[in-house]
Participant: 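What follows is a structure written as structure tokens; I'll ask about it next.
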2 protein chains.
Amino acid sequence: MQDLSTVPPQLQSIDKAIVDAILSARIQPGARLSENQLAALFSVSRTRVREAMMRLEARCIVTVSPRRGWFVSEPSAEEARHVYGARRIIESGLLRTMPCLKAEDRQALHRHLEDERQAIAAADRQRLTCLMGDFHIRLAEIAGNPVLTEVLRDLTARTILISLMYQSVVHALQSHDGHCAIVAALEANDPEAAAALAIRHLDEVEEGLDLTRRPDPLADLRRSLQPDTEAPSASPMLKIINR
Amino acid sequence: MQDLSTVPPQLQSIDKAIVDAILSARIQPGARLSENQLAALFSVSRTRVREAMMRLEARCIVTVSPRRGWFVSEPSAEEARHVYGARRIIESGLLRTMPCLKAEDRQALHRHLEDERQAIAAADRQRLTCLMGDFHIRLAEIAGNPVLTEVLRDLTARTILISLMYQSVVHALQSHDGHCAIVAALEANDPEAAAALAIRHLDEVEEGLDLTRRPDPLADLRRSLQPDTEAPSASPMLKIINR
DNA sequence: TGGACAAATCTTGCATACAAGACTGGAAAG
DNA sequence: CTTTCCAGTCTTGTATGCAAGATTTGTCCA
């Protein structure tokens, strides 16, 4: 099991902890989610863990292999395409019908873009992953439709899993530029352009995937055995900022 | 508890049985879903019933009132607006990007429209409700994105609950005409028109709602005490076919 | 007659126990 | 040395038991 131990105390719901761990890429697709370990970690019985798993399963975030265990979903290449297709439709539709940006929304978006810049500068990979997904959720929130926001939240989680599976390097600057362009279009009060930019942005991200890549069943082991080039003090983010 | 006893034997999963009951309007919003009764009905323990409830709760189809019980969701007026808003975005987006209709798809759609006509003629209300929702799910299936299909399936279930709460009469013919128009536009290979028609269709349905209506807490009792004007041999469908 | 209180009964919340399939490791046989 | 098999151990699947809050109903008192 991966790094779930950094979650706040057991006040957090189990669902949220797991989704958060995915949204910030602290947990990999295919990671095992042992009922016993989660139960111990949250100081509850397996019953509640299972209930959380059932909810997450309904959201396509975890899957169960009968009598073998629960695992963080590993979206197939086909599923990946469908997720991006769904996001294109939903996000472009949201932006197209987006009302005029309120002052506070504009402020919040700018603050978010600034956060992205800082995370890129600080080479804080987890935070960056989190922010990159959160941007789209924020847009949905501003659009003011909680139903679609909820849908997008799940799709974002799945997107992150997809990225982790099929994307060798994160083109953070490219994504950041895309976000900036969308915000600019919104501020120019041109929702049609914003929608088009969102589609292009998602296209770019999808094109950055290598959907022919077979998932590596040894990935876990490989990671564990490698001397930690992932140390935070090193400069692994050079790759990430690479565009 | 309402009419869930007509479900096929316990081979059916509990989730599916409940969703089916909603999709065909055999069960009302706000209906109580007793764990014990469901457990007895499906000859399983409460554990499995609870797991099904957890999954359905994640899909916003049932809600739990702590230590009071599980109930079929009663979407608020605000939620209703958001659901229709979400459907407008998703369905119009789907139609706009819909590929050219294959022969078998065209055939299937025509068969569906014919089914609608028959259900209207036979005044089969349950079947009609089912078909009306199913039309949109079929479109999504033809569009070929299972992710969005799944989302729409849940939204359709919620739409039916909304209709049952806020719609006094079902304008079946109007809806049927809308469906026909959408199919015609698709056959004319005009996805843009199909998308526009879908938006208008959903607008019409939403406008047919009375979102100011307060839910009647005595509805159940009222229904039970009234001498059955709802008898199948009577002609209640005259109201339904009313446009 | 009306209202307040309390016991009885219902509901879910949660933990636990046990069953059964899947995996692992080692021993035995070829 | 390789392969096969089997026991041990781990996993989830499911049922059950008990606790605690919510509701109902009956009773008593004013």
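Just so it is clear: chains get the letters A, B, ... in the order the sequence lines come, proteins before strands, and each one is counted from 1.
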Participant: I'd like the 5' and 3' limits of the part of DNA chain C contacted by chain B, with heavy-atom contacts below 4.0 Å.
Facilitator: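 The contact span of chain B on DNA chain C goes from C:dT11 to C:dG13.
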Participant: Take the protein atom CZ of B:R68 and the nucleotide atom P of D:dT23, then report the distance between them rounded to whole Å.
Facilitator: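 Those two atoms, CZ and P, are 5 Å apart.
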Participant: Mind checking whether A:L209 and A:Y84 have side chains closer than 4.5 Å, heavy atoms only?
Facilitator: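 Touching, per the 4.5 Å side-chain cut-off.
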Participant: Please work out whether the ring planes of A:H136 and A:H201 are parallel, tilted or perpendicular, with thresholds of 30° and 60°.
Facilitator: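 Correct class here is parallel.
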Participant: Figure out the CZ/P separation between B:R50 and D:dG13, and round it to whole Å.
Facilitator: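 Answer to the nearest Å: 17 Å.
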Participant: Do B:T47 and D:dT16 share a donor-acceptor pair, side chain to base, under 3.5 Å?
Facilitator: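 Side chain to base: pair found, below 3.5 Å.
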Participant: With nearest nucleotide decided by heavy atoms, which residue, A:P66 or A:R48, maps closer to the 5′ end of DNA chain C?
Facilitator: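 By nearest-heavy-atom nucleotide position, the 5'-most residue is A:R48.
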Participant: Is a salt bridge present between A:R88 and A:D203, judged by a nitrogen-to-oxygen distance below 4.0 Å?
Facilitator: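 A salt bridge links A:R88 with A:D203.
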Participant: Does a salt bridge link B:E150 with B:R153, judged by any charged N lying under 4.0 Å from a carboxylate O?
Facilitator: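 Answer for the salt bridge query: yes.
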Participant: Rounded to whole angstroms, how far apart are CD on A:E35 and C1' on D:dC10?
Facilitator: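 Atom CD in A:E35 sits about 12 Å away from atom C1' in D:dC10.
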Participant: Using a strict threshold of under 4.0 Å (side-chain N to carboxylate O), is an ion pair present between A:R48 and A:E51?
Facilitator: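 Result for this pair is no, no salt bridge flagged.
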Participant: What is the distance, to the nearest angstrom, from the CZ atom on B:R55 to the C1' atom on D:dG13?
Facilitator: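 That distance rounds to 12 Å.
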Participant: In whole angstrom, give the distance that lies between atom CZ of B:R67 and atom P of D:dA19.
Facilitator: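 One finds 13 Å between P of D:dA19 and CZ of B:R67, rounded.
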Participant: Taking only side-chain N and O atoms of A:N36, does any of them lie within less than 4.0 angstrom of OP1 or OP2 on D:dT11?
Facilitator: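 Yes, such a contact exists.
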Participant: Taking the side chain as every heavy atom from C-beta outward, state whether A:E57 and A:M53 have any pair of such atoms under 4.5 Å apart.
Facilitator: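 Heavy-atom side-chain distance check fails, nothing below 4.5 Å.
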